[in-house]
Amino acid sequence: MASDMTILKMIKDKRDGNAHAEDEIRWLVDNVSRVPDYQLSAWLMAVVLRGMTIEETTFLTHAMAHSGQVLDLSDVPGPRADKHSTGGVGDKVTLVLGPLVAAAGVTVAKLSGRGLGHTGGTVDKIEAIPGMTCDLSVERFKQQLRDIGVVVASQTAELAPADAILYALRDVTGTVESIPLIAASVLSKKIAAGADVILLDVKTGAGAFMRDDQSARELATTMMQVGERLGKHVACVVSEMGQPLGTAVGHANEVAEAINTLRGEGPRDLTDLSVALGALILVGGGLAKDREEGEAKLRAVIESGAALTKLAALIEAQGGNPEVIRDPSLMAQPRFRIPVEAPEAGYVQALDALSVGLAGKEIGAGRLVKGAPIDLAVGVMLHKKVGDWVEKGETLAHLLVNDESKIPTASQALLGAYRIGGEPATPSALIKAVYSAERSALK
Ligand code: URA
């Protein structure tokens with residue numbers, strides 16, 4: 001059959017370091033639901049190892065974006081914005097930023113993903129809220145934008161379906177860490193969702209798929225170039241993911257932390273990053289003249305309670321119970337809260353986000369096989385982070401667990417994430433770089 005020959009040829013071509021033609025990439029994306037997982041996985045791994053040219057990445061992004069509908073939001077009041085993170089540990093920024101900038105007058109049309117590798121996904125986190133769904137029809141997506149100005153949806157059969165298939169396979173085949181695959185996955189969703197202000201948060205550090213600033217910059221540049229070739233202005237921020245963001249890593253506990261942050265009581269790093277990214281969106285959308293003005297507007301929106309009210313509207317619109325805002329214990333709770341104690345006194349010098357993410361995965365917060373259910377109640381609460389002083393025996397973190405048998409290994413893994421020493425330490429800067437093709441709009 002011609003189709004079998006095409007995929008086999010593509011696997012071999014990529015294995016040997018050759019570039020694909022546009023029609024081959026289009027064929028692959030058009031047939032992604034028919035190609036067996038083992039062949040798709042082999043092709044994905046060949047891309048991880050051999051890379052793609054900027055042309056191939058652009059063809060792939062375009063084909064994936066057009067695997068479903070590409071929304072025309074011109075009948076929805078603007079500015080229309082979308083933000084996406086390339087993946088981190090404890091990264092619940094979307095849950096804060098969406099309602100926050102929507103309360104400040106931006107229309108937020110957000111297409112999110114599930115957990116990937118050791119990182120969490122917004123769609124999974126949202127499912128911790130009883131009744132809430134991200135599986136929305138295009139009609140409902142657009143109506144919700146008109147009604148409340150914010151929507152957080154997942155890929156569906158109608159929106160970027162090819163990404164849903166490839167994403168779920170990459171999660172369990174060690175094929176996440178690839179600049180062209182990440183760029184195509186992220187941008188295809190952003191293009192399909194139709195926003196005109198696109199801000200990408202490229203994570204760098206131990207807990208990110210890009211471990212160092214150089215590769216994060218490369219990913220940012222690739223996404224901006226692909227965006228430009230496809231007629232979309234894309235701005236990128238490179239931000240710190242050496243240690244987890246905030247104090248909660250998991251699902252229900254991350255939602256609870258996002259609620260606290262919108263109430264003005266969240267951890268400093270999460271609040272500052274959400275406000276900083278939100279300010280860039282306000283500037284990009286013409287609602288603030290510079291970042292300072294944008295940040296001031298967003299802090300006022302938190303203080304007035306408008307951001308929290310917008311979150312309640314978002315939860316309700318997507319079928320969830322907004323009572324979780326008042327009572328987060330309505331979300332799934334773990335059976336055990338196990339303290340992990342400091343073996344010695346000292347300063348926390350490092351808190352390895354990857355190890356924290358893997359400890360979470362060990363207790364059921366991530367998937368080991370495609371489509372597996374995850375435990376939305378489990379996770380980690382971090383009480384000490386980089387720069388904090390800790391006494392011997394003091395609690396560094398709590399493991400939130402349901403499966404008792406996992407406690408020893410996960411506790412060990414969590415403890416191993418900490419490096420404690422006598423020298424004071426300072427956390428890295430949250431935002432390392434801001435890139436924009438139209439720099440003036442994002443200063
Ligand atoms: N987020 C995505 O949507 N895709 C990736 O590949 C990585 C992060």
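The first residue in the sequence is number 1, and the count goes up from there. Every number for a ligand or one of its atoms is a count from 1 in the order of the listing.
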Asks: Quick one: look up the protein heavy atom nearest atom 4 (N) of ligand 1 and list residue, atom name and how far away it is.
Replies: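 Scanning the protein heavy atoms, the shortest distance from atom 4 (N) of ligand 1 goes to Ser185 OG, 2.6 Å.
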Asks: How far is atom 7 (C) of ligand 1 from the closest protein heavy atom, and which atom is that?
Replies: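 Minimum-distance protein heavy atom for atom 7 (C) of ligand 1 reads Leu116 CD2, 3.4 Å.
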Asks: Taking only non-hydrogen atoms of Gly121, do any sit less than 4.0 angstrom from ligand 1?
Replies: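 Gly121 does not count as a contact of ligand 1 under the 4.0 Å cut-off.
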Asks: Starting from atom 8 (C) of ligand 1, what is the nearest protein heavy atom, named by residue and atom, and what distance separates them?
Replies: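 Closest protein heavy atom to atom 8 (C) of ligand 1: Thr86 O, 3.3 Å.
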Asks: So, does Arg367 use its side chain to make a donor-acceptor pair with the main chain of Ala372 at under 3.5 Å?
Replies: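 Side chain of Arg367 to backbone of Ala372: a pair is present.
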Asks: Of the non-hydrogen atoms in Leu136 and Val152, which two are nearest, and what is the gap between them?
Replies: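 It is CD1-O, 4.5 Å.
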Asks: Less than 4.0 angstrom from a charged side-chain N to a carboxylate O is my criterion; do Glu56 and Lys14 meet it?
Replies: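 Yes, charged N to carboxylate O under 4.0 Å.
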Asks: Considering only the protein, which heavy-atom contact is closest to atom 3 (O) of ligand 1, and what is its distance?
Replies: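 The answer is Lys189 NZ, 2.5 Å.
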Asks: If I compare all heavy atoms of Leu270 with all of Gly246, which pair ends up nearest, and what's the gap?
Replies: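 Heavy-atom minimum between the residues: CB-CA, 4.5 Å.
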Asks: Taking all atoms of both residues into account, what is the closest heavy-atom pair of Arg291 and Leu280, and its distance?
Replies: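 Between these two residues, the closest heavy atoms are CD-CD2, 3.7 Å.
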Asks: Go through Asp171 and Arg114 one step at a time and tell me if the salt bridge (charged side-chain N to carboxylate O under 4.0 Å, His left out) criterion holds.
Replies: CA-CA 9 Å; Asp171 184 29; Arg114 292 194 179 275; over 6 Å; no
Asks: Taking only heavy atoms of Val186, which atoms of ligand 1 are found under 4.0 Å from at least one of them?
Replies: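 Selected atoms, number and element: 1 (N), 2 (C), 3 (O), 4 (N).
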Asks: Between Thr119 and ligand 1, which residue portion shows a heavy-atom distance shorter than 4.0 Å: side chain, backbone, both, or neither?
Replies: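 The answer is neither.
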Asks: Enumerate the atoms of ligand 1 whose separation from the nearest heavy atom of Tyr167 is less than 4.0 angstrom.
Replies: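 Matching atoms, with element in brackets: 2 (C), 3 (O), 4 (N).
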Asks: Considering only heavy atoms of Ser85, which atoms of ligand 1 have at least one such atom less than 4.0 Å away?
Replies: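 So the answer, numbered in order with elements, is 1 (N), 8 (C).
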Asks: In the protein, what heavy atom is nearest to atom 1 (N) of ligand 1, and what distance, to one decimal place, separates them?
Replies: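 I find the closest protein heavy atom is His84 NE2, 3.4 Å.
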Asks: Within a 6.0 Å radius of atom NE2 on His62, are there more than 12 heavy atoms belonging to other residues, nucleotides or ligands?
Replies: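 Counting neighbours around NE2 of His62, 12 or fewer heavy atoms of other residues, nucleotides or ligands fall under 6.0 Å, so no.
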